[in-house]
Amino acid sequence: MAVTREDVLKALDRIVDPASGRSVVASGMITGLALKGRNVIFALEVAPERGREAEPLRRACEDAVAALPGIASVSAVLTAHQEAANARAASSQSPPGIAGVEAVIAVASGKGGVGKSTVAANLAIALARMGLRVGLLDADIYGPSVPRLLGIRHKPQQGAGGKLEPIEKFGLKTMSIGFLVDAETPMIWRGPMVQSALTQMMGDVLWAPLDALVVDMPPGTGDAQLTMAQRVPLRGAVIVSTPQDLALIDARKAIAMFEKTKVPILGLVENMSVFVCPHCGERSHIFGEGGARRMAEALSLPFLGEIPLLGSIREMSDAGSPVAAQESAGPETLAYLHLADAIARQLRTALRPAPRIVLE
Ligand code: ADP
């Protein structure tokens with residue numbers, strides 16, 4: 001099988017820069033990665049004062065990639081760039097925020113189809129119902145679902161300073177690439193395009209003022225996700241998983257990705273947890289039981305709750321009328337409200353300054 005960018009980045013991710021103690025990938029030192037057939041070329045950026053000292057690190061990177069099966073040649077170039085080093089230092093400590101947005105929260109999953117977008121949209125609506133000023137950014141540019149989930153079919157207007165006005169619905173401000181390009185048209189995205197689309201959707205949209213911007217992340221733990229986790233000023237990440245083992249293995253990868261980029265995990269959500277038969281009311285655990293809860297416990301992460309597997313959740317989502325927006329609070333609406341409550345609690349704790357201890 002041909003080597004992919006992801007394979008190369010994975011191999012490089014095992015190389016730790018002794019100066020920072022972090023992987024060369026996580027600290028953003030790898031730039032200009034190009035893969036041409038079986039030949040790989042990339043640059044390793046270091047601060048100028050390190051100069052040739054970084055040569056062993058460059059060799060280690062080259063060797064790690066050369067060890068991949070099917071690689072014909074590897075060329076790693078050492079580049080010393082003060083500005084890049086400064087920018088990286090600033091971004092690795094805390095990437096610049098979005099003006100007027102208090103907290104950016106990622107909703108992520110290790111793989112597609114586990115209900116990440118459904119959780120993101122319903123969580124955002126539930127947070128807005130609690131009185132917060134909330135935005136929903138559909139960063140899943142490969143498969144934008146917000147237009148369908150929220151039943152939005154019109155294009156956003158241009159507002160002040162050439163920026164886009166987010167579309168308002170269900171008490172939320174929202175933006176999706178699906179509003180701009182036809183969601184049915186398959187698009188081929190390349191790495192740099194993905195990044196610029198995401199950067200624009202954050203910076204060139206009139207989001208402010210917001211208490212929370214919920215970001216529906218692209219599924220998976222590849223290059224785009226890693227860069228996003230690094231570049232976006234995330235307050236924390238919510239990981240969505242179904243209860244079965246296979247999905248949990250992927251969830252673990254997503255957790256590792258955020259931990260690598262020092263983004264706090266706000267907790268795990270178990271989606272499609274229990275199936276309640278609409279006819280007899282019998283409860284069955286189609287995808288197994290309590291897997292995400294056990295994993296949260298094992299990893300000492302908060303468990304944020306279970307969302308039942310219900311036909312109504314899918315039907316309402318497909319109809320562009322998410323259950324969290326329903327007035328009559330059935331079990332599905334309550335499940336999302338509970339989730340929002342758990343998140344809002346964490347945001348409040350994070351916002352509150354540490355208590356001062358006064359000795360008398
Ligand atoms: P992802 O963003 O992880 O790819 P989606 O949110 O698009 O997943 O959900 C995949 C499908 O599963 C959709 O058809 C959605 O309506 C359905 N779905 C998500 N959560 C539930 C649930 N709790 N009960 C029933 N159907 C669900």
Side-chain angles (χ1 to χ4, degrees), residues 105-126 136-152 170 172 174 176-178 183-184 186 198 214-222 224-225 228 237-244 246-255 257 268-278 281-293 303-326 329-340:
I105 303 162
V107 177
S109 63
K111 63 167 196 173
V114 299
K116 168 185 57 61
S117 301
T118 311
V119 168
N122 281 290
L123 167 64
I125 292 172
L136 173 64
L137 165 58
D138 185 358
D140 189 349
I141 65 168
Y142 298 100
S145 0
V146 166
R148 172 179 53 85
L149 280 169
L150 302 189
I152 296 172
F170 300 115
L172 299 176
T174 179
S176 164
I177 201 89
E184 307 303 316
L198 295 177
V214 176
V215 181
D216 181 9
M217 293 280 284
T221 49
Q225 292 79 355
M228 180 127 189
V238 174
I239 310 289
V240 182
S241 180
T242 49
Q244 77 269 41
L246 220 59
L248 289 170
I249 291 168
D250 291 300
R252 210 180 267 260
K253 283 190 205 151
I255 293 169
M257 176 180 80
L268 265 82
V269 181
E270 186 166 290
N271 190 35
M272 311 197 193
S273 186
V274 61
F275 174 70
V276 184
C277 173
E282 193 195 337
R283 295 162 66 87
S284 41
H285 292 90
I286 293 181
F287 292 125
E289 189 177 4
R293 183 189 288 274
F303 181 69
L304 298 170
E306 291 161 1
I307 312 289
L309 172 67
L310 286 171
S312 58
I313 294 185
R314 193 193 53 73
E315 284 154 23
M316 303 290 277
S317 295
D318 286 348
S321 168
V323 295
Q326 303 310 305
E332 56 276 50
T333 308
L334 283 177
Y336 291 115
L337 286 171
H338 277 137
L339 171 62

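Residue indices begin at 1 and follow the sequence shown. Values below: every heavy atom of this structure, side chains too, minus hydrogens, waters and symmetry copies. Remember, it's 1-based here, ligands and their atoms both numbered in the order they're listed. Because the structure is predicted, anything quoted here is derived from the model rather than measured.
- G113 N, 2.8 Å is the protein heavy atom nearest to atom 4 (O) of ligand 1.
- Between S117 and ligand 1, at least one N/O pair is under 3.5 Å apart.
- Contacts between P219 and ligand 1 below 4.0 angstrom, taking non-hydrogen atoms only, are absent altogether.
- Under 4.0 angstrom from ligand 1, there are no non-hydrogen atoms of S145.
- Closest to atom 8 (O) of ligand 1, if we only count protein heavy atoms, is G115 N, 3.0 Å.
- Ligand 1 does not have S312 within reach: every non-hydrogen atom of the residue lies 4.0 Å or more from it.
- With a heavy-atom cut-off of 4.0 Å, L310 touches ligand 1 through its backbone alone.
- Ligand-side atoms of ligand 1 in range of L309: 24 (N), 25 (C), range being under 4.0 angstrom from any heavy atom.
- Counting heavy atoms from C-beta outward, L339 and N122 have side chains that stay 4.5 Å or more apart.
- Closest heavy-atom contact between M217 and D140: O-CB, 4.0 Å.
- Atoms CD1 and OG1, on I313 and T333 in that order, are 8.5 Å from each other to the nearest 0.5 Å.
- Taking only non-hydrogen atoms, the option from E332, K116, E306, R148 nearest to atom 7 (O) of ligand 1 is R148.
- Counting protein heavy atoms only, atom 18 (N) of ligand 1 is closest to M272 CE, 3.8 Å.
- Given atom 6 (O) of ligand 1, the protein heavy atom at minimum distance is T118 OG1, 2.5 Å.
- Close approach to I307 involves these atoms of ligand 1, each under 4.0 Å from a residue heavy atom: 23 (N).
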Could you walk me through whether S241 and L248 pass side-chain contact (heavy atoms from CB on, under 4.5 Å), step by step?
CA-CA 6 Å; S241 180; L248 289 170; 3.3 Å; yes
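- For the pair D138 (side chain) and V146 (backbone), a donor-acceptor distance under 3.5 Å is present.
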Set out, in order, the CA-CA distance, both residues' side-chain angles and the distance that settles side-chain contact (heavy atoms from CB on, under 4.5 Å) for I307 and V240, then state yes or no.
CA-CA 10 Å; I307 312 289; V240 182; over 6 Å; no
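- There is no protein heavy atom less than 4.0 angstrom from atom 11 (C) of ligand 1.
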S321 vs Q326, side-chain contact (heavy atoms from CB on, under 4.5 Å): CA-CA, chis, key distance, verdict:
CA-CA 8 Å; S321 168; Q326 303 310 305; 3.3 Å; yes
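- Note: an N/O pair closer than 3.5 Å links N271 and ligand 1 by distance alone.
- Partner L304 forms a side chain to side chain contact (heavy atoms under 4.5 Å, CB included) with one of V238, L268, L123 and no other, that one being V238.
- Below 3.5 Å of separation, one finds an N or O of P308 facing an N or O of ligand 1.
- For ligand 1, the polar-atom distance check finds an N/O of V114 within less than 3.5 Å of one of the ligand's N/O atoms.
- Looking at S312 and E332, their side chains do bring a donor and an acceptor atom within 3.5 Å of each other.
- Note: I105 CD1 to L137 CG = 12.5 Å, rounded to the nearest 0.5 Å.
- With a 4.0 Å heavy-atom cut-off, ligand 1 is reached by no atom of D140.
- Results of the side chain to side chain contact (heavy atoms under 4.5 Å, CB included) test with I125 over L150, L136, V214 single out L150 as the only residue that passes.
- Nearest-residue assignment for atom 26 (N) of ligand 1 (options R314, K111, E270; heavy-atom criterion): R314.
- Note that OG1 of T118 and CZ of R148 are 6.5 Å apart. Values are rounded to the nearest 0.5 Å.
- Of the polar atoms of G112, none of the N or O atoms is found under 3.5 Å from an N or O of ligand 1, judged by distance alone.
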